[in-house]
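Please read the structure below before turning to the comments.
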Amino acid sequence: MAKTTILKTSLEVLYYSGASQALRPIFGGLGAIFMLHHVRPGGGHQMGFAPNSGLEVTPEFLDSVISFVKLRGYDFVSLDEAVQRIRGSNPEKKPFVVFTLDDAYRDNLVHARPVFRKHHCPFTIFACSAIQDGTCELWWRGLEAVIAGNTKVRAEIGSLKARFDTVSDMQKKAAWLQLYWPVRQLEQKQQRIWIKEFCDTNRVNLRAICRAEAMTWDELREISSDPLCTIGAHTINHYAVAQLSEADATYELVESGRRIAAELGKVPKYFAYPYGDAASASSRDFKLAADAGYEAAVTTRKGLIFSGHKDHLTALPRLSLSGGFQKLRYVDVLLSGSAFALWNGFRQLNVA
Ligand SMILES: [Zn+2]
């Protein structure tokens, strides 16, 4: 059984058995930080070969999540307010939710902001300098574009030499599954050289993909002028910082903050680690983020926020509202904390 199928099955069981409601007081914690990337019509529901659809939700789904958590009695708060609550962890207060969006895609401005404004809901966008410059190699998009646009694909990654027929959607998916992790796990700078060559060979314009997807700095200035919006940093080059030397990781952390301060006139207080899983953001990086002056930083480790996180503010977990989990009952179970308790072996903190 695929991993997502197992995760979804456990969510269904927890929901329909009523266990999630029973366990909410024990595992519900102080609140949750939601993670989004793209918000756009069709998001996550494309048919056929759409391997990155897990990064997308529809504006309607975002709207329904906000209405739902409001009904459940959660406070929508800014990251500033959330951090204050974690520091003080006032048990009298209602649980909170924070909405965060990584990479600063244009659809955040076009499709997500109207929904947040409708509900007067604060949100944080983590901007990545090279993405806003329109020069970042969004390798997962380039890989998708090459496979989508060709009926045969050749790839050489280290010792892997592969040729794929990519006529049908099923063949395209198979090629994607074979290539995604080998590319993701390449040394970070090598990965960008590889994807540039791969896209050039297959006549895919990687820069054009970035420019089409990303907010420009002007657009980021526009959205950041909204009082509901907080801008955080997300590195210069969207590298997995744990894979870099300490000097290179420090550069990515510090310079991305400086660049945002120079562009927007405001020093960012928060940071999100690209990819954000344990292999991409390690305990060394949690310390580097604090040393770089960030008050808090978010990972993609799965979990809710507990008072114990006050000592680990640069290693906060998040709850992904990804395409694959676009059902309110999943959100309900995830917010109860029961699923994370199960997946994390009943640990509240996963910060090592
Ligand atoms: Zn990112």
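This chain uses plain numbering: 1 for the first residue, then up along the sequence. One-based numbering, in listed order, for ligands and for the atoms of each.
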For this session: Sort and list the pairs that fulfil side chain to side chain donor-acceptor pair (under 3.5 Å) and have at least one residue in residues 207-218, not counting sequence neighbours.
Result: Arg40-Glu213, Asp133-Trp217, Thr216-Glu219, Asp218-Arg221
Problem set entry | Ring centre gap for Phe126 and Tyr270 strictly below 6.0 Å | no
For this session: Please confirm whether Phe271 and Tyr273 have ring centers closer than 6.0 angstrom.
Result: yes
For this session: Run through the protein N/O/S atoms less than 2.8 Å from the Zn ion (ligand 1) and write them out by chain and number.
Result: Asp103 OD1, His234 NE2, His238 NE2
For this session: Indicate if Val57 and Val333 have the same hydrophobic cluster label, given that clusters are the connected sets of ILVMFWY residues with side-chain heavy-atom separations under 4.5 angstrom.
Result: yes
Exercise. Is there a path from Trp181 to Phe164 through hydrophobic residues (I, L, V, M, F, W, Y) whose side chains come within less than 4.5 Å of each other?
Worked result: yes
For this session: May I ask you to decide if the ring planes of Tyr275 and His238 are parallel, tilted or perpendicular, using 30° and 60° as cut-offs?
Result: perpendicular
